[in-house]
Novice: 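First, the structure itself, so that you have it in front of you.
Chain letters run A, B, ... following the sequence lines, proteins first and then strands; every chain starts at 1. Owing to the predicted nature of the structure, the values given are computational and were not obtained by experimental measurement.
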Amino acid sequence: MLSSNIMPYAQSNIFSKTGEQEEAAGASGFAIEARNLSIHYSAFRAVKNVDMAIPERKITAIIGPSGCGKSTVLRSFNRMNDLVPGAHAEGDVIFMGQNIYAPQVDPVEVRRRIGMVFQKPNPFPRSIYENVAWGARLNGFKVGLGRPSMDEWVENCLRKAALWDEVKDKLNQSGLSLSGGQQQRLCIARAIAIQPQIILMDEPASALDPIATLKVEELMQELARDYTIIVVTHNMQQAARVSDQTAFFTVDADRAGMLVEFGDTRQIFTNPKDSRTEGYISGKYG
Amino acid sequence: MNGPGLSFPVEFDPTLPRRHSSGNIFARFFLVSTWAGIAALALLMLTILNDSIGYVIITTEVDPASLAVNGVPYEEQTNQQLTDILANHLSARRLRVLEKETPFADLNQAELVLLVEQEVLDPEAAATFSMVQSLFDRSMVNAELAEHPGATMQMRFWLQPGLLSNSGSSNALLAGIRTALYGSLWIIAITILVAFPIGVGAAIFLEEYTVDNAFYRLLRANITNLAGVPSIIYGMLGLAIFVRGMQPITSGALFNAVSGDPAAATGRTILSAGFTLALLILPLIIINAQEAIRAVNPLLRQASLGLGATQWETIWHHVLPQAMPGILTGTILAISRAIGETAPLVVVGAATYITFDPTGPFSKFTTLPIAIYQWVSRPQPEFRSLAAASILVLMALLLSLNAFAIALRNRLQKKQ
Amino acid sequence: MSTITNNASGGNLSPEALSLKHRPRPVEALIYGFLFFCGIVSIFTTLGIVYELGKESLLFFSTPGVTIWGFLTGTRWQPQAGNFGILPLLTSTLLTSGMAMLVAAPLGLAAAIYLSEYATPSLRKALKPTLEVLAGVPTVVYGYFALTFMTPLLRAIFGKDTVEIYNTASAGLVMGILILPLVSSMAEDALSAVPNALREAAYGLGATKLEVAVQVVLPAAVSGLAAAFLVAISRAIGETMIVAIAAGAGPRFTFNPFQAAETMSGHIVRISGGDLSYNSIDYNSLFAIGLFLFIVTAAINLVSQQVVRHLKRNTQ
Ligand SMILES: Nc1ncnc2c1ncn2[C@@H]1O[C@H](COP(=O)(O)OP(=O)(O)O)[C@@H](O)[C@H]1O
Ligand SMILES: [Mg+2]
């Protein structure tokens, strides 16, 4: 751990593509694909043998009982789990034709392509403007002839996050001064400001009131035109409302989370193939 | 909602290689900084060791071999023979002075040997070398030795039994820290006697008997601030109040306990020093004890009160036993702070040079850190070596106190 | 059998025999009195400090020829000549504490960042107490270290003509080692208190570890860090033995860190260590310096507490 912290990274640039990023995705039509993925926290296997291929520019929902490993799987898609001491993944996660767990891959590069929105809104204690601009500037946002200025870009992202009208007069105020729902949309604006291909959302509305939840859900559908969205939710109505595809996870007898069923949302909710899915949905949905 | 789509020709520079390389540089800097502190600690220990062992070139007034009788060196001679040596080598006047201090007949053999060394041999460190010099610069050592005909050279570990058993002396080779150690122990005993009950009492008062009102907040803020007052200010407080203001008490005059001339009684005594250090560590003890008391499960108090126990019974039988490990650990840490304190005791009036062991709270005092301070302030290298060896004693004392605190805490915690 | 009857009589206590009134509890009252006394000893300590320092300082300033203005602005401290200007003592105090902060602030902050953001939990658990050992070493030992290690080192580097045997640089640098663990420990606490959600947010945007630490965690912990620095400065200003041993005996108005110059605390300790008669102007003048020292350190400590309180309110 110690030595790896100061080891120079392999200068991999494998995900950097110049030009239009949207067309760069693999020909498979899948944005990201888990292959026989198992994730451990030290000795504890939290998730086992997940196989799922997530379609591009669709909303994929992950549902399941608490503790079944939804967040764990989601966080393994942009190597966020690397930050947990003792966590490690087995199997492959294929993104743009490459396994993001291959040794030469730089997790920073992965996260820069696959953004994340968290359960509790977590804006930086900086101005609203800086919250959006920081990530873009960090990642080498280019200004110049024919390109948007940073101000224009911030405005664009805030508009896309449906927040512009509410904050355009107070861009210099702290991001923490906003309401919970506004903060969460600020976090979404912040995520899209670095132009990721995929946005991971971990129960993005669970800390919000119903009206704010509705706004975030609308926003997700809007964003799905340009981005692949994977959203974890414990709210099955939400999954049914917003998602195109749904994955149902549960805990196996050995306490490891596992993928039970993955398919078209309408099919999962109306005609589940697995009795466990049906039990879960009818128990909670009915 | 309907802002411009992704029609912007947005581009990002590939910045990661540059960012990673600066990241690596800083990561190294952070790592090195962390180890810098530890390296400093190691360097400090090495410096102390380096000074506490090495060659000493010793010259004596009289060749020690000439004192031998029938091949028996003076160290092993009888009391009578040693007294004879003294009588043969010292002036009549000097003999009378010494005899008046303590009659030779009252001295044991070891004390007589020491007297012979001090008075007859009067060894002097003509040159003192550090460990590094002794090991790697033998030629310099030898050259120095050649300049002192008749001198002997010995490899000396300054932390030798004599250091602990001898009292202060202006001769580095014969000086020891016995008096200073006794002084430190006396003072610490008084400090503990005063600070422990008052500190724990204050913590109990603050945690169990006060509600969160303005008075309580004032008390707490005051204690936090006192913990940040420079220790030398406590020394001035002690000088003004204990040494000067309470002179009749602290000098012992009120109790007719002054040894020697009562007119010479001053408050610069062990009692004043102990009181001063007690005030100094009081905030530390209070803060630690408060934390320990706060950590006791409130349900325990409710259970006890629910059985009809009074508040004090609850505290005495349930809260204090639970909090004791934390209180004791905090107290011991505070005491080790007090043991190392120097500045306030200089201000309170530590004696610069005494050779008599303290006999009670009204004695004049010196302490281990003060002895170190005085020896460090001397320019001669032999005193630096003496200081280094004394520092080893001081550090060993502090380390064992801390180890004791940890062991005690573990043991008491296991019992519960 | 007997227990049963006892129980029965206890349970059927007649109403007249039961009294719920206050009973006098003299022992409890006595104990309360003692505890109350213990609780306010600290108040009396503070009052004692303020009273004694203030009283002697008043005597000092009421001496003919001594003025507060002259005390605060005079560049010479020569009691024999009636010159009582604190500036030479103050500048050397600033020199030593400045030197100390020059060492302790960057190293302490860097160590704190390492411990909080880079080190594994087990490594942090081992390193932090080791660093804190440094803070437990008696200051007289640091004085020895300054005189026998740092001074010869400085003289070897910069030349014996430049660096005097006693100098403020040596004392200040070693004092930096003394307060290093204070800075690193308090700063580490402040950094660790930054919620993990902020780190995750930054990592999620593709930030590197350094960017997370420096651009996200540091700014979020800034008031805790400021408090750590302030406490360290106050500690450095009041520190005595290192400067008494290594910085030099005798006030000197100089900004050259390689020259000998006595600090406020060093002066107090040297003069009071000698034979000092009460009611002399020398004695009184020490208390004026002490009062100045007390006010400065107390003010810094109060500001740092205010900063911490501000921090607590903001993070809640
Ligand atoms: N940082 C962690 N360290 C150890 N175990 C964890 C950690 N995070 C989650 N787990 C464990 O992994 C399992 C799955 O957790 P999680 O992915 O958070 O579930 P979900 O999001 O579905 O509620 C749980 O048993 C949880 O206790
Ligand atoms: Mg979760």
Novice: Go through the structure and list residues passing side chain to side chain donor-acceptor pair (under 3.5 Å) with A:Trp134, not counting sequence neighbours.
Specialist: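 Checked A:Trp134 against side chain to side chain donor-acceptor pair (under 3.5 Å); matches are C:Gln215.
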Novice: Does CD1 belonging to A:Ile211 count more than 12 external heavy atoms closer than 6.0 Å?
Specialist: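 Open: at most 12 neighbouring heavy atoms sit under 6.0 Å from CD1 of A:Ile211.
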Novice: When you look at B:Phe12 and A:Gln195, which way does the side chain to side chain contact (heavy atoms under 4.5 Å, CB included) test go after all the steps?
Specialist: CA-CA 9 Å; B:Phe12 290 91; A:Gln195 292 269 286; 3.7 Å; yes
Novice: For A:Phe141, does the CZ atom have more than 12 heavy-atom neighbours from other residues, nucleotides or ligands under 6.0 Å away?
Specialist: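 Yes, the 6.0 Å shell around CZ holds more than 12 heavy atoms from other groups.
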Novice: Name the region of A:Leu138, side chain, backbone, both or neither, that has any atom closer than 4.5 Å to a heavy atom of chain B.
Specialist: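 Both backbone and side chain.
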Novice: Measure the shortest side-chain to side-chain distance between A:Asn139 and B:Arg19 over non-hydrogen atoms and say whether it is less than 4.5 angstrom.
Specialist: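 Counting from C-beta outward, A:Asn139 and B:Arg19 do come under 4.5 Å.
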Novice: For the OG1 atom of B:Thr15 and the NZ atom of A:Lys142, what is their distance to the nearest 0.5 Å?
Specialist: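 One finds 11.0 Å between OG1 of B:Thr15 and NZ of A:Lys142.
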Novice: Give a yes or no on whether B:Phe157 atom CZ has more than 12 heavy-atom contacts from other residues, nucleotides or ligands under 6.0 Å away.
Specialist: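 More than 12 within 6.0 Å, yes.
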Novice: Is A:Asp106 close to B:His20 at the side-chain level, that is, under 4.5 Å between some pair of heavy atoms?
Specialist: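 They are in side-chain contact.
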